[in-house]
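Only one structure is covered here, and it is reproduced in the block below.
Proteins get letters first, then strands, A, B, ... in listed order; numbering begins at 1 in each.
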Amino acid sequence: MKDESTNQKKSRITDIIKILKEEYPNSSCSLKYESPFQLLVATILSAQCTDERVNKVTSVLFEKYSNAESFRKLSNEQIEKEIFSTGFYRNKAKSIKNISEEICEKYDGIVPKTLESLVKLRGVGRKTANVVLGNAFNIPGLVVDTHVIRIANLLKFVITKNAVVIERELSKIIEKKEWTNFGHLCIDHGRAVCIARKPNCVKCGISNYCPSKI
DNA sequence: CTCCCGATAT
DNA sequence: ATATCAGGAG
């Protein structure tokens with residue numbers, strides 16, 4: 001596994017994706033939303049928080065406030081109270097308030113559909129932008145979250161925690177049409193088998209492709 | 001790099 | 001007690 005070439009990486013990750021697809025055939029976004037804006041808010045809330053908890057919060061939240069216009073009218077304190085249990089609630093409330101204003105003023109209430117525009121929104125980084133592009137707009141988005149960072153390193157496709165570098169390196173070896181699903185597969189696999197605290201290599205279907213196999 | 005931060009599993 | 005959860009800004 002020394003000095004693996006780009007073509008060798010392409011071949012290995014293609015095999016890995018094929019296996020993961022068989023293991024997680026229904027892999028998809030686990031956040032609940034009914035519009036690009038709702039997915040944007042849910043993804044901001046998902047930072048360092050389980051999707052399960054985010055869904056509990058948003059199921060109540062989106063019932064009361066469904067779009068950028070309605071969120072814009074809320075105070076930071078009102079938003080904080082609603083999202084408190086997701087953690088980082090001050091920063092998240094500030095971000096939600098801000099993107100609601102920006103989207104109303106600059107984009108007429110419509111969430112922009114490019115990575116560059118999304119990332120310019122305060123509180124929206126590449127990870128969140130790629131989630132929205134891939135899931136709400138069906139535009140390939142390579143999400144590099146905590147699971148992708150961990151799994152890409154264990155598989156030795158990269159040796160860095162830098163998300164921008166990982167996104168760049170993975171984009172070279174994964175077909176564009178697979179970008180969005182790759183994120184979902186890593187999240188499913190990361191939650192069920194390649195768990196952060198204790199990877200379950202015995203039950204791992206791609207352990208034969210993993211240099212870190214215990 | 002640090003800070004933001006509650007909920008949960010171990 | 002501690003690590004971890006679909007991160008982002010300074």
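Remark: the backbone N or O of A:I99 is not paired with any side-chain donor or acceptor of A:R122 at under 3.5 angstrom. The main-chain N or O of A:S46 is never found under 3.5 Å from a side-chain atom of A:R53 such that the two would form a donor-acceptor pair.
A search for side-chain contact (heavy atoms from CB on, under 4.5 Å) contacts involving A:V165 returns A:T160, A:N162, A:R168, A:E169, not counting sequence neighbours. Evaluation of the ring-ring contact (aromatic ring centres under 6.0 Å, His included) rule for A:F71 yields A:F37, A:Y65 as partners, not counting sequence neighbours. Every side-chain contact (heavy atoms from CB on, under 4.5 Å) that A:Y89 has, sequence neighbours left out, goes to A:E80, A:I83, A:F84. With sequence neighbours left out, A:N181 forms a side-chain hydrogen bond (donor to acceptor under 3.5 Å, both in side chains) with no residue at all.
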Please tabulate, one pair per line, all N/O donor-acceptor pairs under 3.5 Å involving side-chain atoms of residues 109-120 of chain A, not counting sequence neighbours.
from: A:T114; atom 1: OG1; to: A:S117; atom 2: N; distance (Å): 3.2
from: A:T114; atom 1: OG1; to: A:S117; atom 2: OG; distance (Å): 2.8

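Remark: nothing in residues 157-165 of chain A comes within less than 4.0 Å of DNA chain C through any heavy atom. For residues 120-127 of chain A, proximity to DNA chain B is found at no residue, defined as any non-hydrogen atom under 4.0 angstrom from a strand atom. The stretch residues 66-91 of chain A touches DNA chain B through A:F84, A:S85, A:G87, A:F88, A:Y89, A:R90, A:N91, each having a heavy atom within less than 4.0 Å of the strand. Proximity of residues 23-50 of chain A to DNA chain B (heavy atom under 4.0 angstrom from any strand atom) is restricted to A:Q48. Of the residues in residues 176-206 of chain A, those with a non-hydrogen atom less than 4.0 angstrom from any atom of DNA chain B are A:R197.
Shown here for A:G123 and A:I44, the closest heavy-atom pair between the two residues is O-CG1, 4.1 Å. In this structure, A:K176 and A:P140 approach most closely via the heavy-atom pair O-CB, 3.4 Å. The minimum heavy-atom distance between A:I166 and A:A152, with the atom names listed, is CG2-CB, 4.3 Å.
Using a 4.0 Å cut-off between charged nitrogen and carboxylate oxygen, A:E102 and A:K97 do not count as a salt-bridge pair. Under a 4.0 Å N-O distance rule, the pair A:K56/A:D51 does not qualify as a salt bridge. Using a 4.0 Å cut-off between a side-chain N of Lys or Arg and a carboxylate O of Asp or Glu, A:E4 and A:K156 do not qualify as a salt bridge.
Taking atom P on both B:dT10 and C:dA6, the two are 14 Å apart, rounded to the nearest angstrom. The same atom, P, is picked in C:dG8 and in B:dA7; the two are 22 Å apart, to the nearest Å.
A 4.0 Å heavy-atom criterion places the boundary nucleotides of DNA chain C facing chain A at C:dT2 to C:dG10, written 5' to 3'.
For A:E105, the CD atom counts as densely surrounded, since its 6.0 Å shell holds more than 12 non-hydrogen atoms of other residues, nucleotides or ligands.
Side-chain contact annotation: A:S70 with A:N67, donor-acceptor N/O pair under 3.5 Å present.
Screening residues 143-195 of chain A for ring-ring contact (aromatic ring centres under 6.0 Å, His included) gives A:Y24-A:H189 as the qualifying pairs, with residues at least two apart or on separate chains.
With A:E167 as reference, A:V144 is the one residue of A:V148, A:V158, A:V144 to meet the side chain to side chain contact (heavy atoms under 4.5 Å, CB included) rule.
In terms of phosphate contacts, A:R53 brings no side-chain nitrogen or oxygen within less than 4.0 Å of OP1 or OP2 of B:dG6.
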Worked check of side-chain contact (heavy atoms from CB on, under 4.5 Å) between A:K94 and A:R90: CA-CA 6 Å; A:K94 204 177 295 177; A:R90 289 196 186 86; 5.7 Å; no
